[in-house]
Peer 1: 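Before I ask anything, let me first share the structure, which is written out below as structure tokens.
Bear in mind that the values here come from a model prediction, so they are computed numbers and not experimental data. Counting begins at 1 with the first residue of the sequence.
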Amino acid sequence: MFDLAERLSSNKSNESKLSHKLKTMLFYQTEECRSLVNESFRFDGKDEPKCVKNRDEEFRQIDLLNPPEVVIIELNASQDVVQDAQRLAHLLPSQVSVVIVGSEDAISTIRLLKEMGFYYLFWPVSKQECSDFMKHVLDNHEQHRGLMANRKSKRVAMVGVKGGVGTSLISSEVSRMLSFDKGVSTLLVDHNYHGGNLDIFMGLKQHQKRIVQKGTLISNIDGTYALGLIRKITPMLSMLAIDSDELNAQELKEYTLAVQEQALKNSSVMIEDHAHLIRNEDDIIKLLQQVDVLVLVFDATVSSLRDYNRLNQLVKKNNLDNQTRVISVLNSSRPSNSGSVSAEEIEKYSGQRATISIPYDDKAPQYVLEGLQIVKTKSVMALPLMNLVALILGEEPKQESRSFLSFFKKKGQ
């Protein structure tokens, strides 16, 4: 016999379990916001969120192996809500639903945050309005729908204009700095097939690329299979590097891209080491459509500068809306007396100065062989590399030391 009282009791119990299931965290700036959010959760019979002060170091303490499912961030004290949200985005796992609380009453703010995959709760707000809003967010998260679907890893492509300019070294340093020093969940992707030295720059011993077989269809790659191809170096740093005796470089590239798509939600930043593989306009167009930041690496030689100028012109031609941020890196990979062009000649020929200039350090190979992070040494390369990471994350770079200019001064004399 159908027992309505029992069914209602059962439904009520299930709703209670559902309401307590999601783990929520609040990063607050004011006691007023903290108090109202807690009251709205208690009003609906939900567990109060874990509340911590809105500070960068607190975001870096988020347990990526067991993260909260919904994060509320108060930005009422912010001078630019969108800019601060972009700065914090890389510190949050991609699978987390994010609610920004702010007092900027602008359609552009709502639109830009929506594009980032963030909800926006306009302040001031009543307890009932906050309650209804959070119900909507929690329901969407439970059903794996809503704005959370827009959140993916920030993709950064490191492109060497030719071989031997130090792209893989820079990729490894940036990846380790993001994960070790910035607390960012990072996936390093190796696009150098049938070779490459990325494992040496990463300080990995007895490293072997994951071998894939020709019989595995790209269409059959799912999240579980993709994770099996990714090597976990630390809880915050992973690496995707595949090889095959049966697949050519183009097939491996397509295979890697398919695995990347499955892994986008498992890291906050994806660093892709393309070395010298991007050569023509079609490659540039595809890359601009896929990545958020494009880093062009070149050195102070005539041949490198010519290749840089050619690729840079293709980038400008196909990035008219500036949707992809472009950073140019002049990496002095050889002693000053081996250089062929000066800083002034580079600027005159390309029409612009390099965004980041990394001076030569003859001790760099020794640091690499010892498995050291260059940024942890006293190398003259350290500060420019730190500033490159800052630019990628949207942070303010530190003032460059003028010592690295000595190379170019000598060339200009």
Peer 1: Taking the side chain as everything from C-beta on, heavy atoms only, tell me whether Pro68 gets closer than 4.5 Å to Lys50.
Peer 2: no
Peer 1: Check the pair Val161, Asn312 against side-chain contact (heavy atoms from CB on, under 4.5 Å), reporting the backbone distance first and the verdict last.
Peer 2: CA-CA 9 Å; Val161 301; Asn312 193 35; over 6 Å; no
Peer 1: Strictly by modelled atom types, are Ser328 and Thr355 linked by a side-chain donor-acceptor pair under 3.5 Å?
Peer 2: yes
Peer 1: Test of understanding: with side-chain contact (heavy atoms from CB on, under 4.5 Å), list the residues that count as partners of Asp292, not counting sequence neighbours.
Peer 2: Lys154, Arg155
Peer 1: Considering only heavy atoms from C-beta outward, does the side chain of Leu385 approach that of Val389 to under 4.5 Å?
Peer 2: no
Peer 1: With sequence neighbours left out, what residues match Ser179 under side-chain contact (heavy atoms from CB on, under 4.5 Å)?
Peer 2: Thr186, Met236, Leu237
Peer 1: Taking all non-hydrogen atoms of both residues into account, name the closest pair between Ile356 and Asn387 and its distance.
Peer 2: CD1-CB, 3.9 Å
Peer 1: For the side chain of Ser175 and the backbone of Ser171, is there at least one donor-acceptor N/O pair under 3.5 Å apart?
Peer 2: yes
Peer 1: Could you tell me whether Lys376 and Asp181 have a side-chain N and a carboxylate O separated by less than 4.0 Å?
Peer 2: yes
Peer 1: Under the ring-ring contact (aromatic ring centres under 6.0 Å, His included) test, which residues partner Tyr120, sequence neighbours left out?
Peer 2: none
Peer 1: May I ask you to say whether Glu31 pairs ionically with Arg34, meaning some side-chain N is under 4.0 Å from a carboxylate O?
Peer 2: yes
Peer 1: So do the side chains of Leu305 and Glu345 get within less than 4.5 Å of each other, counting heavy atoms only?
Peer 2: no
Peer 1: Report the residues that fulfil side chain to side chain donor-acceptor pair (under 3.5 Å) with Asp273, sequence neighbours left out, ordered by chain and then residue number.
Peer 2: Ser168, Asn192
Peer 1: Can you list the residues that meet the side-chain contact (heavy atoms from CB on, under 4.5 Å) rule with Ser35, with sequence neighbours excluded?
Peer 2: Glu39
Peer 1: Just to verify, what does Glu281 make a salt bridge (Lys or Arg N to Asp or Glu O under 4.0 Å) with, not counting sequence neighbours?
Peer 2: Lys317
Peer 1: Side chains of Val375 and Phe180, heavy atoms from C-beta outward: is any pair under 4.5 Å?
Peer 2: no
Peer 1: Strictly by modelled atom types, are Gln260 and Gln290 linked by a side-chain donor-acceptor pair under 3.5 Å?
Peer 2: no
Peer 1: Which residue pairs satisfy the salt bridge (Lys or Arg N to Asp or Glu O under 4.0 Å) criterion with at least one member in residues 96-110, sequence neighbours excluded?
Peer 2: none
Peer 1: Once side chain to side chain donor-acceptor pair (under 3.5 Å) is applied, do any residues pair with Tyr193, and if so which ones, sequence neighbours excluded?
Peer 2: His191, Thr256
Peer 1: Please find the pair of heavy atoms, one from Ala85 and one from Leu75, that lie closest to each other, and give the distance.
Peer 2: N-CD1, 4.1 Å
Peer 1: Hey, mind stepping through Leu112 and Glu115 against side-chain contact (heavy atoms from CB on, under 4.5 Å) and telling me if it holds?
Peer 2: CA-CA 5 Å; Leu112 291 172; Glu115 289 176 359; 3.8 Å; yes
Peer 1: Are the side chains of Met381 and Tyr367 in touch, meaning some heavy atoms are under 4.5 Å apart?
Peer 2: no
Peer 1: Report yes if some heavy atom in the side chain of Met239 is under 4.5 Å from a heavy atom in the side chain of His207; otherwise report no.
Peer 2: yes
Peer 1: Any luck finding a side-chain donor-acceptor pair between Asn319 and Gln323 under 3.5 Å?
Peer 2: no
Peer 1: Taking only residues two or more places apart in sequence or in another chain, which ones pass ring-ring contact (aromatic ring centres under 6.0 Å, His included) with Tyr308?
Peer 2: Phe298
Peer 1: Assess whether side-chain contact (heavy atoms from CB on, under 4.5 Å) is satisfied between Ile100 and Val98, documenting all intermediate values.
Peer 2: CA-CA 7 Å; Ile100 301 295; Val98 181; 4.1 Å; yes
Peer 1: My understanding is that only residues two or more places apart in sequence, or in another chain, count here; which of them pass side chain to side chain donor-acceptor pair (under 3.5 Å) with Asn140?
Peer 2: Tyr119, His136, Arg145
Peer 1: Indicate yes or no: at least one non-hydrogen side-chain atom of His141 is less than 4.5 angstrom from one of Val137.
Peer 2: no
Peer 1: Quick one: closest heavy-atom pair of Pro397 and Ala390, and the distance?
Peer 2: CA-CB, 4.1 Å
Peer 1: Under a 4.5 Å cut-off applied to non-hydrogen side-chain atoms, are Ser97 and Leu147 in contact?
Peer 2: no
Peer 1: Run the side-chain hydrogen bond (donor to acceptor under 3.5 Å, both in side chains) check on Gln250 and Asn248 step by step: do they pass?
Peer 2: CA-CA 6 Å; Gln250 181 59 37; Asn248 59 38; over 6 Å; no
Peer 1: Let me see the working for Tyr255 and Leu229 under side-chain contact (heavy atoms from CB on, under 4.5 Å), right down to the final yes or no.
Peer 2: CA-CA 11 Å; Tyr255 205 101; Leu229 293 176; 3.9 Å; yes
Peer 1: For Gln83, what residues pass the side chain to side chain donor-acceptor pair (under 3.5 Å) criterion, not counting sequence neighbours?
Peer 2: none
Peer 1: Kindly write out the residues that satisfy salt bridge (Lys or Arg N to Asp or Glu O under 4.0 Å) with Arg42, not counting sequence neighbours, or none if the list is empty.
Peer 2: Glu48
Peer 1: Give a yes or no on whether the backbone of Met270 and the side-chain of Ser267 come within a donor-acceptor separation of less than 3.5 Å.
Peer 2: no
Peer 1: I'd like to know if the side chain of Asn54 and the backbone of Glu74 have a donor-acceptor N/O pair within less than 3.5 Å.
Peer 2: yes
